[in-house]
*Asks:* 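Mind having a look at this structure? Questions to follow.
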Amino acid sequence: METQIDYWDAHALLEWQVELGVSEAIGETPVNRYEIPAVAPKPAAVAVSDAPPAPVKAPEIDAVDVAQKAVAGVTSIEALCAVLESFELCDLRRGARNIVFQDGIIGARVMVIGDAPNREDDIAGTPFTGTAGALFDKMFGAIDLSRTAQDVAQGLYVTTALPWRPPENRDPSAAEIAMLRPFLLKHIELANPDVIVLMGNWACTAVLGRAGITRLRGSWQTVQGKPALPMVSPHDLLRTPSAKRDAWADLLDLRARLLNLN
């Protein structure tokens, strides 16, 4: 049975303990601070995940912006070719044998831009080779223009919309066209022709941003302040000989435009 102590008795006992030097409360049951427990407590389990840490995502590179900056200070066609050869962001270069950059005479009045190189172009490192190249030379030879001419008035300067062949001659992607377009526009600026010929669907896509060569052909456009004529490519003419009539009409139109510009 517990003994009930009133307030004043308890107060008197507390004062007496203080006079004796008591400085802290002590429980009734003694505690052995040196006792070793029979079973040591287990440490708390730490959750461990088997999943690898999430990879840190590298910042995305804007290939178009890199290309625009790369060509900004280029002042010659030779320097442009060197910059293009060192452009690492286009995977087409890894599967191609050679860069297909240009042919013909620098300074020619007419600049011809073809589609992406094919297998023969890739091997030769030259645009419009093989059977299509022979038809190309015959077409322009009919209006007294040649890429082998030494006179800029009768010469041709030739390049392609893409400088590397897509694997298996597949269609170039929109991303590939976009990242290489700054190089193509700079090429036009440096070549500075009087007239531009866009031969093929991908040439029109890269320069004009529009596809559909059958609708565009024969309709003069303006590219960097210069007249540009879309035409069907020799590669397409070999597959569709019936389109040669339209190609001849376009060549005659090109010759008339050159005469008017004299």
Side-chain angles (χ1 to χ4, degrees), residues 60-104 106 111-129 132-133 136 147 156-193 196-213 216 221-226 228-231 233-236:
E60 294 185 1
I61 299 175
D62 187 340
V64 177
D65 182 62
V66 174
Q68 290 173 339
K69 292 177 179 177
V71 303
V74 175
T75 57
S76 70
I77 290 177
E78 294 78 10
L80 179 65
C81 183
V83 170
L84 185 57
E85 287 181 313
S86 64
F87 186 67
E88 297 285 347
L89 299 182
C90 184
D91 290 337
L92 292 178
R93 68 195 305 277
R94 293 173 176 79
R97 294 188 182 184
N98 293 295
I99 185 172
V100 180
F101 184 68
Q102 61 89 21
D103 193 16
I106 296 176
M111 180 178 188
V112 182
I113 302 174
D115 284 333
N118 62 13
R119 180 175 179 274
E120 293 172 310
D121 300 340
D122 178 44
I123 293 173
T126 305
F128 293 110
T129 58
F136 174 93
R147 53 180 158 176
L156 293 173
Y157 183 73
V158 188
T159 188
T160 50
L162 280 77
W164 295 290
R165 174 200 178 203
E168 304 300 325
N169 293 338
R170 65 162 172 79
D171 291 344
S173 69
E176 290 165 345
I177 292 175
M179 75 172 70
L180 293 171
R181 188 170 187 265
F183 295 98
L184 182 57
L185 295 182
K186 175 61 74 168
H187 204 161
I188 295 172
E189 176 188 329
L190 295 172
N192 193 28
I196 301 167
V197 176
L198 304 173
M199 293 200 88
N201 199 48
W202 296 115
C204 291
T205 301
V207 177
L208 303 176
R210 285 177 285 166
I213 188 62
L216 290 170
Q221 310 289 322
T222 301
V223 175
Q224 296 185 350
K226 302 180 183 299
L229 179 64
M231 287 184 61
S233 169
H235 302 91
D236 295 331

*Asks:* Any donor-acceptor pair under 3.5 Å linking the side-chain atoms of N118 with those of H235?
*Replies:* yes
*Asks:* Quick one: closest heavy-atom pair of V223 and A228, and the distance?
*Replies:* CG2-CB, 3.6 Å
*Asks:* Between E88 and R93 (salt bridge meaning N to carboxylate O under 4.0 Å), is one present in this structure?
*Replies:* yes
*Asks:* Would you say the side-chain atoms of D122 pair up with the backbone N or O of R97, donor to acceptor, closer than 3.5 Å?
*Replies:* yes
*Asks:* Should L180 and L84 count as side-chain neighbours, where that means a heavy-atom distance under 4.5 Å?
*Replies:* yes
*Asks:* Where the side chain of N98 meets the backbone of I123, is there a donor-acceptor pair that is under 3.5 Å apart?
*Replies:* yes
*Asks:* Restricting to non-hydrogen atoms, name the atom on L184 and the atom on A206 that form the minimum distance, rounded to 0.1 Å.
*Replies:* CD2-CB, 3.9 Å
*Asks:* What's the spacing between S173 OG and L162 CG if we round to 0.5 Å?
*Replies:* 8.5 Å
*Asks:* Got P117 and N169 here, is their nearest side-chain heavy-atom distance under 4.5 Å?
*Replies:* no
*Asks:* Give, for atom CE of M231 and atom CD1 of I113, the distance between the pair rounded to the nearest 0.5 Å.
*Replies:* 13.5 Å
*Asks:* Looking only at non-hydrogen atoms, find the nearest pair between M199 and P234 and report the distance.
*Replies:* CE-CD, 3.6 Å
*Asks:* Calculate, to the nearest 0.5 Å, the distance between atoms OH and CD1 belonging to Y157 and I188 respectively.
*Replies:* 11.0 Å
*Asks:* Measure up the F101 and H187 rings against each other and bin them: parallel (under 30°), tilted (30 to 60°), perpendicular (over 60°).
*Replies:* parallel
*Asks:* Using a 4.5 Å cut-off on heavy atoms from C-beta on, say whether the side chain of P163 contacts that of F183.
*Replies:* no
*Asks:* Between atom OG1 of T126 and atom CD1 of I99, what is the distance when rounded to the nearest 0.5 Å?
*Replies:* 12.0 Å
*Asks:* If every non-hydrogen atom of A211 is compared with every non-hydrogen atom of T205, which pair is closest and at what distance?
*Replies:* CB-OG1, 3.6 Å
*Asks:* Judged by atom type as modelled, is there a donor-acceptor pair below 3.5 Å linking the side chain of R181 to the main-chain atoms of V207?
*Replies:* yes
*Asks:* Could you check whether any side-chain heavy atom of I213 comes within less than 4.5 Å of a side-chain heavy atom of P230, counting everything from C-beta outward?
*Replies:* yes
*Asks:* Is the closest side-chain heavy-atom distance between E78 and I106 below 4.5 Å?
*Replies:* yes
*Asks:* Let me confirm one number: the SG-CG distance from C204 to D115, rounded to the nearest 0.5 Å.
*Replies:* 8.0 Å
*Asks:* Rounded to the nearest 0.5 Å, what separates atom OG1 in T129 from atom CG in D121?
*Replies:* 3.5 Å
*Asks:* Determine whether a donor-acceptor pair (N or O, by modelled atom type, separation under 3.5 Å) exists between the side chain of K226 and the backbone of P193.
*Replies:* yes
*Asks:* So which atom in P182 and which in Q68 form the shortest heavy-atom distance, rounded to 0.1 Å?
*Replies:* CG-CG, 3.7 Å
*Asks:* Which atoms form the tightest heavy-atom contact between G114 and A203, and what is the distance?
*Replies:* O-CB, 3.7 Å
*Asks:* Quick one, L156 and F128 - any side-chain contact, counting heavy atoms below 4.5 Å?
*Replies:* no
*Asks:* Hey, does the side chain of Q224 reach the backbone of L185 with a donor-acceptor pair shorter than 3.5 angstrom?
*Replies:* yes
*Asks:* Counting only heavy atoms not in E168, do more than 12 fall under 6.0 Å of its CD?
*Replies:* no
*Asks:* Test your reading of the model: is there a side-chain donor-acceptor pair from T160 to the backbone of A116, 3.5 Å cut-off?
*Replies:* no
